[in-house]
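The analysis underlying the following values was restricted to heavy atoms, covering all of them including side chains, and did not include hydrogens, waters or symmetry mates. In this text the structure is predicted, and so the values were computed from the model without any measurement.
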Amino acid sequence: MSYKVKVLFDGYSTINTEGLSANCSCVLISGPKKVIVDTMSAWDRDRIVEALTREGLTCDNVDFVVSTHGHSDHIGNNNLFLKAKHIVGFAVSFQDQYFIHPFETSEPYIIDDGVVVIPTPGHTLDHVSVLVRTSDLGTVVVAGDLFEKVEDLEDPSLWRLVAGSDNQEEQEKNRNKILLLADWIVPGHGPIFKVTENMKSNARQGLK
Ligand SMILES: [Zn+2]
């Protein structure tokens, strides 16, 4: 299957005098199925609709909405997508129907050949990421807040303390796993980055 990943909006986070200014990366995965990952905050409704229009899509064309976790900046516009199945963390639903899926036992949720939702707990205990096999970039993982931004590889306090982690040990393990699987990573609050050989060898060491 041929899939493409388009970052509609780059996430960001900066500390200021009032606290934190942040919004998440919002990603469109297109191929036979259309998937949107992380729908930003409630104030971004118009921007998301406009970005989809630029891609030649309406909200009703979207088959799956994935929120990597349930924080307010990752679920804000899920209700734009009323024809889509919604995956919020480990919960899979459509309207009032909830579907049982054993993410707890590391079982991936297959959206299509080459688009898979995988459990990556740590930032929250039911955090998920979306792994996409693309025709142009190889394997792209839309990783939500498993990674805050590329800088958190050099400065782990960014994911451990600034972003916060419900289970640092699990998160570190899942970060290393994803670094070994991915060619590119879309972090929750920064631009997409390429996984270098150096990052992979550090991840290999970390998993030993
Ligand atoms: Zn976030």
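Side chains of Thr39 and Asn78: a donor on one and an acceptor on the other come within 3.5 Å. Counting only N and O atoms by type, the side chains of Ser135 and Lys4 include no donor and acceptor under 3.5 Å apart. Donor-acceptor pairing under 3.5 Å is recorded for the side chains of His127 and Thr120.
Identified under the side-chain hydrogen bond (donor to acceptor under 3.5 Å, both in side chains) test for residues 150-159, with sequence neighbours left out: Asp152-Arg175, Asp155-Ser157. Within the structure, salt bridge (Lys or Arg N to Asp or Glu O under 4.0 Å) contacts touching residues 24-38 (residues at least two apart or in different chains) do not occur.
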Next on the checklist: Could you go through Ile75 and His71, starting from their C-alpha distance and side-chain angles, then the distance that decides it, and tell me whether this counts as side-chain contact (heavy atoms from CB on, under 4.5 Å)?
Outcome noted: CA-CA 7 Å; Ile75 59 160; His71 289 167; over 6 Å; no
Next on the checklist: Under the criterion side-chain contact (heavy atoms from CB on, under 4.5 Å), I'd like the reasoning laid out for Thr58 against Leu52: C-alpha separation, chi angles, the key distance, then a yes or no.
Outcome noted: CA-CA 6 Å; Thr58 68; Leu52 287 174; over 6 Å; no
Checklist entry - Yes or no on ring-ring contact (aromatic ring centres under 6.0 Å, His included) for His101 and Phe103, after CA distance, side-chain angles and deciding distance? => result CA-CA 6 Å; His101 182 83; Phe103 282 116; 4.5 Å; yes
Item to check | Ser30 vs Lys6, side-chain contact (heavy atoms from CB on, under 4.5 Å): CA-CA, chis, key distance, verdict | outcome: CA-CA 8 Å; Ser30 321; Lys6 165 116 193 182; 5.8 Å; no
Next on the checklist: Apply side-chain contact (heavy atoms from CB on, under 4.5 Å) to residues Ile48 and Ile36 and explain how you reach the verdict.
Outcome noted: CA-CA 10 Å; Ile48 290 184; Ile36 192 153; 4.3 Å; yes
Output side-chain donor-acceptor pairs under 3.5 Å for residues 85-93, partner residues at least two apart or in another chain, one line each.
unit_1 : atom_1 : unit_2 : atom_2 : d
Lys85  : NZ     : Tyr109 : OH     : 3.4
His86  : NE2    : Phe81  : O      : 2.8

All N/O donor-acceptor pairs, side-chain side in residues 178-198, below 3.5 Å, sequence neighbours left out:
unit_1 : atom_1 : unit_2 : atom_2 : d
Asp183 : OD2    : Thr139 : N      : 2.7
His189 : ND1    : Tyr12  : O      : 3.2
His189 : ND1    : Asn23  : O      : 2.8
His189 : NE2    : Asp73  : OD2    : 3.4
His189 : NE2    : His74  : NE2    : 3.4
His189 : NE2    : Asp145 : OD1    : 3.3
His189 : NE2    : Asp145 : OD2    : 3.3
Thr196 : OG1    : Met199 : N      : 3.1

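You'll find the side chain of His123 stays beyond 4.5 Å of the side chain of Ser165, heavy atoms only. Residues Leu57 and Leu28 meet the side-chain proximity criterion, which asks for heavy atoms closer than 4.5 Å. Between Lys83 and Val62, every side-chain heavy-atom pair lies at or beyond the 4.5 Å cut-off. Side-chain contact between Asn176 and Glu172: present, with at least one pair of heavy atoms (C-beta onward) separated by less than 4.5 Å. Using a 4.5 Å cut-off on side-chain heavy atoms (C-beta onward), Asp112 and Ile110 make no contact. Taking 4.5 Å as the limit, every side-chain heavy atom of Val115 sits out of range of all side-chain heavy atoms of Phe64.
Checked against Val130 for a side-chain contact (heavy atoms from CB on, under 4.5 Å), the options Val116, Val141, Val66 give a single hit: Val66.
Interatomic distance, NE2 of His69 versus CG of Asp166, reported as 9.5 Å (0.5 Å rounding). Residue Ile15 holds its CD1 atom at 11.5 Å from OG1 of Thr17, rounded to the nearest 0.5 Å. In this structure, CD on Glu148 lies 11.5 Å from CG on Leu161, to the nearest 0.5 angstrom. With rounding to the nearest 0.5 angstrom, the SG atom of Cys26 is 5.0 Å from the CG atom of Leu8. Atom CZ of Arg45 and atom SG of Cys59 lie 7.5 Å apart (nearest 0.5 Å).
The backbone N or O of Ser41 lies less than 3.5 Å from a partner atom in the side chain of Asn77, making a donor-acceptor pair. Asn174 contributes a side-chain N or O that, together with a main-chain N or O of Pro121, makes up a donor-acceptor pair within less than 3.5 Å. Between the side chain of Lys208 and the main chain of Ala203, no donor-acceptor pair closer than 3.5 Å is present. Under a 3.5 Å cut-off, the side chain of Asp44 and the backbone N or O of Arg47 do not form any donor-acceptor pair. Side-chain atoms of Ser25 come within 3.5 Å of backbone N or O of Gly11 as a donor-acceptor pair.
Partners of Glu50 according to the side chain to side chain contact (heavy atoms under 4.5 Å, CB included) rule, which considers only residues two or more places apart in sequence or in another chain, are Asp46, Arg54. With sequence neighbours left out, Thr105 forms a side chain to side chain contact (heavy atoms under 4.5 Å, CB included) with Pro102, Glu107.
Taking the ring centre of Tyr3 as origin, the terminal cationic atom of Arg133 falls outside the region bounded by 6.0 Å and 45° from the ring axis.
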